[in-house]
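Side-chain atoms are counted along with the backbone in the values below, which use heavy atoms only and exclude waters and symmetry mates.
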Amino acid sequence: MSGIFGVVSKNDCMQDLFYAGDYHSHLGASFGGIAIYGERLERRIHNISYTQFKSKLFEESQTLKGNKGIGSIGYEEQPIYVKSKFGDFCLVTNGWIDNWKQLADELFEGGHSFSEISDSRVNICELVSKLIVQKKSLIEGIEYVFSKIDGSVSLLILNNQGVYAVRDKLGISTLAIGEKEGSWTVVSETSAFPNLDYKVTKYLMPGEIVFLSPEGVQQKHLGQENQKICAFLWIYTGFPASTYEGINVEVVRERSGAALADRDDLVLDLAAGVPDSGTAHALGYAMRKKIPYRRPLVKYTPGYGRSYLPPSQQARDLVAKMKLIPIKDIIENNKIVLCEDSIVRGTQLKNFTVQKLWDNKARQVHVRAACPPLAFPCKYNCSTRSKEELVMYRAIKALEGREPEDISAYLDETTSEYNKMVSWIENDLGVTSLKYQTMEDMIKAIGLPKDKLCLYCWTGKL
Ligand code: SF4
């Protein structure tokens, strides 16, 4: 997961740039970076795997000045600084290029080299910059990137005039423009807007390019209607206060929880969510069932990032174990429905969440996942998981006694194969019952037509 942000103002914009970045911290990836244009172009990048963007960049933000800037929270070092025939510019990207190797090889053959290496591969942002500079103008270069890549990349380019903002051509990720008097901002997450006094003026369309300057926002390239926005933004990755395509994350999660409740006739003592993103699904469940929403597991501090983000499984497990603290007085003797945004590997849910409820003498634990079983790793944003790690894959392999080939029957909620797979996972998690959200209810909760959503995680098709 990554986020990008930029600000252009008639005045100094460093404070807005810093807080816009801070409000993308929930995406908690490996690196946080900014570039700002004042008297000259300055850039700062920090490893934030085990710390916060805020604590790393606060002091520096006090000394930097400028009226235009960009930044990113992501899995690789950005912004990239480029000296080119278009002048000096800085670039940040959000997304993933599946055919990066083929494109890098083509560039190597043409005599190019790469200096920023991430996890033994080329840096995606640097790759994009090298494709852009091959063309006669920045806009042509951006179009060239779109024509070459298999994947999806949104980007921001900062130069001495302002910031180009470009939403990926498939519309997988989002970019919104906000405005207040004399300042314009562009962000992945609109939760950055309210406390900085910005109002959303536009959601960029897929492939659309706009230019933010101290004079305002100009469209440079039309977008297209067709989009495949990531459904997971609402279910898991987005911040509750964010709104994409005019649809708020928290409200979708409440609708999703209500839909889960509609399919249950359980007698329960309380509804709970796995913090943070399970919370609003559980609130929706509790409101619909008219049962208490309570917190049997509290997260110690937002300082613990999302537990799948630290680079090693061992580190992820440690974070998962330490961040949730059980409250015995709320758990003991109670029949609990526990809402979770999604079940990826299932191991953390089993070992560090459900187990804490049993250890504290819960009477029943019913797990409800807010999306269908995850069947495919994301190919449009850098994913830390492989197909083999997914609990669904492990279930099918155990049920069939061999490496799964055709899994289509397991994707269909009406088949016996699907039911057997869910029972296997229920058993593996050691819970009283397990149900997943149906595809239909998830789409209904989001509120966009099916053909406007990326559902690749669940269907393997765009
Ligand atoms: S594959 Fe999944 S996580 Fe990736 S963009 Fe599509 S829905 Fe989102």
Side-chain angles (χ1 to χ4, degrees), residues 1-3 26-28 152 171-174 188-191 227-263 271-285 287-288 306-309 337-346 348-349 353 367-381 383-385 390-392 411 413 422 425 434-462:
M1 287 185 302
S2 313
H26 59 285
L27 299 170
S152 105
I172 298 267
S173 60
T174 67
S188 302
E189 292 281 5
T190 62
S191 42
Q227 70 165 0
K228 291 283 183 185
I229 186 169
C230 170
F232 228 19
L233 285 167
W234 285 280
I235 301 301
Y236 173 36
T237 55
F239 196 73
S242 277
T243 295
Y244 316 113
E245 306 299 316
I247 302 174
N248 171 257
V249 170
E250 182 84 349
V251 170
V252 168
R253 289 180 188 164
E254 287 180 359
R255 284 201 290 258
S256 151
L260 285 166
D262 284 343
R263 289 180 185 269
V274 181
D276 292 315
S277 30
T279 301
H281 296 289
L283 281 166
Y285 193 106
M287 288 191 286
R288 177 58 58 92
R306 286 194 154 127
S307 48
Y308 79 78
L309 293 167
V337 63
L338 183 70
C339 296
E340 172 66 304
D341 48 71
S342 56
I343 304 175
V344 183
R345 299 172 180 87
Q348 292 181 359
L349 180 62
T353 309
V367 167
R368 297 293 177 263
C371 64
L374 294 168
F376 303 92
C378 175
K379 83 177 227 181
Y380 302 102
N381 209 328
S383 173
T384 56
R385 54 191 190 246
L390 300 173
V391 68
M392 178 177 179
L411 301 176
E413 293 141 5
V422 174
I425 299 170
L434 167 69
K435 276 190 196 171
Y436 286 90
Q437 186 71 284
T438 64
M439 183 67 84
E440 186 189 345
D441 282 351
M442 180 178 79
I443 293 168
K444 222 184 319 168
I446 293 170
L448 281 176
K450 185 176 181 183
D451 65 356
K452 295 224 174 278
L453 291 169
C454 173
L455 301 168
Y456 182 90
C457 281
W458 303 281
T459 63
K461 295 182 200 134
L462 189 61

Residue pair Y285 / E254, side-chain donor-acceptor N/O under 3.5 Å: no
Minimum side-chain heavy-atom gap E245-K452 below 4.5 Å: no
Among L349, L374, V274, the one residue meeting side chain to side chain contact (heavy atoms under 4.5 Å, CB included) with S342: L374
Test item: V391 and V344 side chains (from C-beta on) under 4.5 Å apart, heavy atoms: no
For R255, salt bridge (Lys or Arg N to Asp or Glu O under 4.0 Å) partners two or more places apart: none
Candidates D341, L260, I235, I443 - the one meeting side chain to side chain contact (heavy atoms under 4.5 Å, CB included) with Q437: L260
Residue list, ring pair (Phe, Tyr, Trp, His ring centres under 6.0 Å) with Y436, at least two apart or on another chain: none
Residues 454-462 side chain polar contacts: donor-acceptor under 3.5 Å, at least two apart:
residue	atom	partner	partner atom	Å
W458	NE1	P372	O	3.0
T459	OG1	L455	O	3.0
T459	OG1	K461	N	3.1
T459	OG1	K461	O	3.0

Nearest heavy atoms of I172 and S152, plus distance in Å: CB-OG, 3.6 Å
With sequence neighbours excluded, residues passing salt bridge (Lys or Arg N to Asp or Glu O under 4.0 Å) with K450: none
Those residues that, when tested against S2, pass side-chain hydrogen bond (donor to acceptor under 3.5 Å, both in side chains) (two or more places apart): none
Test salt bridge (Lys or Arg N to Asp or Glu O under 4.0 Å) applied to E413 - qualifying residues, sequence neighbours left out: none
